[in-house]
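Indexing begins at 1, ligand by ligand and atom by atom, following the structure's order. These numbers come from a predicted model, not from an experiment.
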Amino acid sequence: MDVGGTFTNAVLNLKAVVEQSADTKQKNDYQVLRPGLEGVPVTQSSICDIDGSKGNLTYRGYSISELTAQSSFLETAYLLIWGELPNPQQMRDFEAEVRMHRRVSFRVRDMMKCFPATGHPMDALQSSAASLGLFYSRRAIDNPKYIYDAVVRLIAKIPTMVAAFQLIRKGQDPIQPRDDLAYAANFLYMLTEREQDPLAARVFDKCLILHAEHSLNASTFSARVTASTLTDPYAVVASAVGTLAGPLHGGANEDVLQMIEEVGSASNAGAYLDEAIASKRKIMGFGHREYRVKDPRASILQELAEELFARFGKDEMYEVAKAIEIEAEQRLGPKGIFPNVDFYSGLVYRKLGIPRDLFTPIFAISRVAGWLAHWREQLGANRIFRPTQIYTGPQPRTWIASEERISSLNN
Ligand code: SDX
């Protein structure tokens, strides 16, 4: 695969833009605190665009609804990482390489067997993703072949490691990937030891497309910051996995199902929300830094859930979820707070028989594509991230002997 050409051109364009913007930095250098960097552009990117007021999301210019309807996760990953949809030969090559690299060294599997079975699968994933860096040299990130190989390995091995920990924590040996199964079907097979219904695999593949990329969300920003130090891509992904795990980010999908079960019935939704809002608790699966309308991914996930319910039977929690959405819209809609991607995803995964604490690792399986796209883009026009601060600590002072110190409690 010729990764050099496309990559170099993109680099040259981006480098020129970054140099020009660096000049403007001198002109308007001023200290305004922006908690959480809200609204602060920290890079140029051509990977993903979000129109938060209209609820539009595009990957490299293609709408998420069109990609979910027409594409596959691997094809979408290729698009995100290399900027264009692959031609048939490029797709065959990429798919074949990913299949060839699905297996994980026994050393990683044996390491996972030492993890406590009660540990959270996101911690297992972060540890095992970082361990991949032990197997591959870290000083070749300016070599397009090294970049391509790292992309293939991470896209291929992350699902294997998530499925492996699931079996290991049940006291079983992990099973090997099946080369005759496509990406999504193979993951479900490795996870459940059974070949799943084609509809389940197709819906799961669409979920992976929906979660693959979302511009500068917290975990992608972590990936960029880590990438900007020129460390290896395995450390970049491990850093992003740790960030995604938090309940305000990728970890929300687990908590949403917990909340729906706590509400218990559609008639209780209003009272539950009134109590949560009164005690200033965040309603999990709602709100977004970018969207001021319903997250377009939430709407597509609802359609996927209904497709599964039609085939495999309804989930009574779905009526509760829809009631929560209606009641929340009355209370939080005026503040621009609507369902985000995490609100309905758990109901899809539950119908697919996926354990709740694997919802966020599955988010990570998908988002690796977006993190790697941003990793490549960062390398193309790198400047190490080093923001500044507004210092609010003590003014310079001299050290005093301990007996002369007044107890800090008296300060
Ligand atoms: C993801 O960034 C991405 O793109 C992330 C993501 C991706 O694809 O990578 O989309 C994936 O992380 C989705 C978000 C999953 N998290 C949750 O569902 C957790 C619940 N949501 C909130 O914690 C919150 O909405 C955030 C974290 C998602 C966004 O937080 P912001 O933009 O920092 O907003 P904020 O916390 O400053 O809230 C602004 C106001 C506050 O009210 P006031 O104090 O101004 O009166 O809105 C309120 C908040 O209390 N608010 C909520 C709320 N979210 C915001 N009130 C109740 N419930 C909520 N969920």
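Ligand 1 has an N or O atom lying under 3.5 Å from an N or O atom of I283, backbone or side chain. Residue-to-ligand polar distances keep V341 apart from ligand 1: every N/O pair is separated by 3.5 Å or more. Where the criterion is an N or O separation shorter than 3.5 Å, residue side chain and backbone included, A252 fails it with respect to ligand 1. The distance criterion of under 3.5 Å between nitrogen or oxygen atoms is not met by L332 with respect to ligand 1. For ligand 1, none of its N or O atoms has an N or O atom of D342 under 3.5 Å away.
Screening residues 316-327 for side-chain hydrogen bond (donor to acceptor under 3.5 Å, both in side chains) gives K294-E325, Q302-Y318, E306-Y318, K314-E319, E319-K322, E325-Y344, E327-R331 as the qualifying pairs, with residues at least two apart or on separate chains.
Distance remark: protein heavy atom present below 4.0 angstrom from atom 13 (C) of ligand 1. For atom 60 (N) of ligand 1, the protein comes within 4.0 Å by at least one heavy atom. For atom 23 (O) of ligand 1, a protein heavy-atom neighbour is present inside the 4.0 Å cut-off. For atom 5 (C) of ligand 1, the nearest protein heavy atom is under 4.0 Å away. Shown here, atom 36 (O) of ligand 1 is in close reach of the protein: a heavy atom of it lies under 4.0 Å off. Within a 4.0 Å radius of atom 39 (C) of ligand 1, the protein contributes no heavy atom. Less than 4.0 angstrom separates atom 30 (O) of ligand 1 from none of the non-hydrogen atoms of the protein.
L248 O, 3.9 Å is the protein heavy atom nearest to atom 27 (C) of ligand 1. Among protein heavy atoms, atom 54 (N) of ligand 1 sits closest to K282 CD, 3.8 Å. For atom 47 (O) of ligand 1, the closest non-hydrogen atom of the protein is I337 CD1, 3.5 Å. Ranking protein heavy atoms by distance to atom 28 (C) of ligand 1, first place goes to G287 O, 3.6 Å.
In this structure, F385 has its ring center under 6.0 Å from that of F221. For F286 and F343, the ring centers are positioned less than 6.0 Å apart. Here F187 and F204 bring their ring centres to under 6.0 angstrom of each other. Aromatic rings of H288 and H214 (six-membered ring for Trp) have centroids within the 6.0 Å cut-off, being under it.
When heavy-atom distances to ligand 1 are checked against a 4.0 Å cut-off, H211 has no atom that comes that close, whether in backbone or side chain. No part of D295 comes within 4.0 Å of ligand 1, judged by heavy-atom distances. The proximity of R367 to ligand 1, defined as any non-hydrogen pair under 4.0 Å, is limited to the side chain.
Between V241 and the choices L244, T243, V237, the side-chain contact (heavy atoms from CB on, under 4.5 Å) rule is met once, by V237.
Close approach of ligand 1 to N340 is summarised as follows: ligand atoms under 4.0 Å from at least one heavy atom of the residue are 13 (C), 14 (C), 15 (C), 17 (C), 18 (O). Distances below 4.0 Å separate heavy atoms of F286 from the following atoms of ligand 1: 18 (O), 20 (C), 21 (N), 22 (C), 25 (O), 59 (C), 60 (N). If you number the atoms of ligand 1 from 1 as listed, the ones under 4.0 Å from a heavy atom of M284 come out as 18 (O), 19 (C). Proximity to R289 (heavy-atom distance under 4.0 Å) selects the following atoms of ligand 1: 29 (C), 31 (P), 32 (O), 33 (O). Listed by number with element, the atoms of ligand 1 under 4.0 Å from a non-hydrogen atom of K335 are 42 (O), 43 (P), 46 (O). When each atom of ligand 1 is checked for a heavy atom of H288 under 4.0 Å away, the hits are 2 (O), 3 (C), 4 (O), 5 (C), 6 (C), 10 (O), 25 (O). Annotation for ligand 1: atoms under 4.0 Å from non-hydrogen atoms of N217 are 2 (O), 3 (C), 4 (O), 5 (C), 9 (O). Taking every non-hydrogen atom of G285 and a distance limit under 4.0 Å, the qualifying atoms of ligand 1 come out as 17 (C), 18 (O).
Under the 3.5 Å distance criterion, with hydrogens and angles disregarded, no donor-acceptor pair is assigned to the side chains of R194 and T192. With no hydrogens or angles considered, a side-chain donor-acceptor pair links R153 and Y234 at under 3.5 Å. Counting only N and O atoms by type, the side chains of R367 and H211 include no donor and acceptor under 3.5 Å apart. No hydrogens or angles considered: a donor-acceptor pair under 3.5 Å links the side chains of S45 and E377. Looking at T76 and S71, their side chains do bring a donor and an acceptor atom within 3.5 Å of each other. With hydrogens and angles left out, the side-chain atoms of Y272 and E262 include a donor and acceptor closer than 3.5 Å.
Closest non-hydrogen pair, G250 versus T360, comes out as O-OG1, 3.1 Å.
Using a 4.0 Å cutoff on heavy atoms, R297 counts as a contact of ligand 1.
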Just list the side-chain donor-acceptor pairs under 3.5 Å for residues 106-115, sequence neighbours left out, or say none.
residue, atom, partner, partner atom, Å
R109, NH1, V104, O, 2.6
K113, NZ, D173, OD1, 2.8

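Note on ring orientation: taking the six-membered ring where Trp is involved, the planes of F359 and Y349 are tilted (angle from 30° to 60°). The aromatic rings of F94 and Y78 sit perpendicular, their planes meeting at an angle over 60°, well past the 30° parallel limit.
Selection from H214, E38, H249 by nearest heavy atom to atom 1 (C) of ligand 1 gives H249.
In this structure, K157 and R102 have side chains that are not in contact, with every pair of non-hydrogen atoms separated by 4.5 Å or more.
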